[in-house]
Structure formats: structure tokens, C-alpha cells
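Fair warning: this is a prediction, and the values are worked out from it, not measured in the lab. For ligands, and for the atoms within them, numbers begin at 1 and follow the listed sequence. This chain uses plain numbering: 1 for the first residue, then up along the sequence.
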Amino acid sequence: MNEARDTLVTLARAVAAFTAYGPAHPTREGALDAVHQAVARLCEVDPAPTFTFLGDEIVYGLHPLRGLGEWPWAERFSRVGVQRIEFVATPDRDDVSHFMDDLARRLRRGFAESSEARVTRPTSIRYGLVHADGLDGDGPESASNGAHVAGRPTDLELEADTVRWMESELRGGGTLHLAEAEGVVFALLQVMHQGRDILLPLTRLKEFDQYTTAHALNVSVLTMALAEHMGHSSSTVRRFGVSGLLHDLGKTRIPTEVLNKAGALTDTERSIIQNHTTEGARLILEHDAELDLAAIVAYEHHRRTDGGGYPHFHLHRRCHGASDLVHVCDVYDALRTHRPYREAWPHERVMKYIIAGAGSEFDVEVVRGFVALMDQGTRVATRVDPEPASPPVSSPGD
Ligand SMILES: [Fe+2]
Ligand SMILES: [Fe+2]
């Protein structure tokens, strides 16, 4: 991690020098040497270092990078369209020089006017906006310059990997980091705003846990689309997205043999599964007090508006608005997915179920918003369901 921090600090100093001094100025040349050496040192310990800038958060690989204090450059880079930097090979000095030139140009003129820099793209450094394929192609493109990175994740696999990593960390007693969840939500938002299919064709996920992962991502993106459609602010949309992503986190505490049981559940097994709501809320709060909304949603997302569902409330009260949104999106995604005991329902059938449940299972306004969202011509109906390997669950909302 020290090499990663050193690289960023050196990079920021050099960008400042590139912004201030013209070509061939000794300060600028010295700064370029320093970055080149720092990146080379980093590539010695990490063959493919990747930095992601999310607002003022920095993620190095899949982990948040701490220790830089109030480092303003993450936000600056992000603002000029450099949300991710990947060193796909140890760059030579020319590559670093082109990269620095483009960064400095973006910072001087803004992202929109930087397109002329694309003709001199370095081949060993990929950078640009984060989206489904990792980058938006504003950096060098593998197809055109041969800088393809073997095994580079596509189709939100990076995000799926992150969700799986988060879940396995928790199973092993590790920590839940807000930055990871926000990173995933950020990528999902990019996909959503690019007008692609907003439910995810995660057919490439072959493992048995694919349902959990696909479901978390789908509920998150659906919840954000719905929240945005209902007029919530962008920061609320993101918070709802994080809540959708983490709503079933409590399932990491359910023994695999119970979660994956194909036959009918015993009463004890059902209560273990239903306990994922309280367990999820506890886990989330235990790891990050900032995630209080996610904890509420994890707790409430199986509650019905008529007071039914679980967990049982001693006094009837309304659920948080975020829980109402996640509840509908949760049920939609669950019913659209193949289960061991039933085929995936067609879109129209699920919509009928949701409309029929308005006022009893679901909040009326949320159902109205959801129907309008779907009627708007979103591309959810074209969803490709995950392959049929989903674990059995106790209710449509799982
Ligand atoms: Fe659930
Ligand atoms: Fe769920």
C-alpha cells in the first residue's frame, strides 16, 4: 500500500508541475522522472495496479486506500473524467509523459475540451470514466492498440467480484467497507445512465453463489432507477442504491446447507432464513455506523405495508421509504429469476403480482412509481436471467 500511496502523491505533484510549466522545463522533466520511477516501483509489487476515484474516496484494486488524509486530487481527477487509472504494464517514460500531458490538459481546460489528447494515448496506461467494462474507452482501447489485458473483467464482473469479495470477507469475520459498496453503486449508476439494460445479464457467473450476487446488483440498480424516477436527489439515489446492494447481507450468516437446500424448509430453517433481516442490520451497523439507512432497509425489506411479513413489529409502524422501494424491487427481481422450484415469471406476470399487492404488501405510491418506470420503456423486460442455479428461499422477496 505504501508504494500505491507514494505513486499517487508523486503523480499529483507532477500534474501540478505539468500544469504550471511548459514542455522541457527542468521542474517538469524532474516530476516526470519521479512519476515514471514511482509507477515502475509499484508495478514491481503489483503487476496491474488500479486506482479508482469516487468523489474523495480512493480505491486501490478492491480496497480503500487510506492514509492520504484530505487528499483533494481524487475529486479533481474524477471531475475531469479520470475516475480510474489502470497500469496494464510497466509504462515507459513516453507513456507516462503522454498521460501526464493529458491529465494536465484536462485540469487546465476541463474534461470536455480534452478530446484532442486521444490521438497520443499511452498504451500501457488505461484511464477514464468508470462504467460497466471498467473504463469508458477514453483511455487507450484494447481493440485498437493491442493493449488488451488478459482476463479483464467485463459486463460488471468487476462489480460482481467486489460484491462476492465483500460477502466472503464478512463470512470470514472481516470488515465491511463503505467505499466498496459505493464503488459498485457508482458503476451501476453509470450503466443506468447510459441507457443500457438495467438488469444484469450475469450469465457468465458460474458459481453457485451467483444468485446472491446478481440479486444484490439488480436490486441496487432497480432501486436507484426507481428512486431517480420518483424524484429523489442524486445523493439519496446513491444511498438507496447502497441499501439495495446490502439488503440481503445477513444471508452471509446463514449456513450454506440451509441457504442452498433444494427441498421444503423446516420451521427452524425458515426462521434461520428469516433472521437474515435482523442479522443483516446488526452486521451492517457493527461494521459501519454511517450505513444506518442500509441497516434499516436490511431490517425492514420483508415487511408488508399491512403489517405482515417479517420481522414482527410489536407496534405497527410504517417502514422507511427506502425499505418500501427496495421491497418492490426485491420481489420483482426474485420473481423474474429462475428458482429450483419454479421457472422465472414473465415480466407481465410479475407486474400483475406487484400491482395486486399495492396497499397490502407494497406501498401504493411506490407501486405507482414502479409501474410508471417500467412503462417508460426501460429495458428491464429484455433481461437475461442468471443460469438456473439459485438457492431456495422462503419468500418471493428473497
Ligand atoms: Fe431478503
Ligand atoms: Fe432480496
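A donor-acceptor pair shorter than 3.5 Å cannot be found between the side chains of D306 and S360.
Between H347 and Y332, the angle of the ring planes goes over 60°, which puts this pair in the perpendicular group of the 30/60° scheme. Using cut-offs of 30° and 60° for the angle between ring planes, the F53 and F51 rings count as parallel.
With the Fe ion (ligand 2) as the vertex, atom OD2 of D248 and atom NE2 of H215 span an angle of 100° (nearest 10 degrees). The angle that H276 NE2 and H301 NE2 make at the Fe ion (ligand 1), rounded to 10°, works out to 100°.
Enclosure of atom CZ in R93 by more than 12 non-hydrogen atoms of other residues, nucleotides or ligands within 6.0 angstrom is indicated.
Coordination check, H302 versus the Fe ion (ligand 1): passed, since an N/O/S atom of the residue sits under 2.8 Å.
Minimum-distance N/O/S atom of D330 relative to the Fe ion (ligand 2): OD1.
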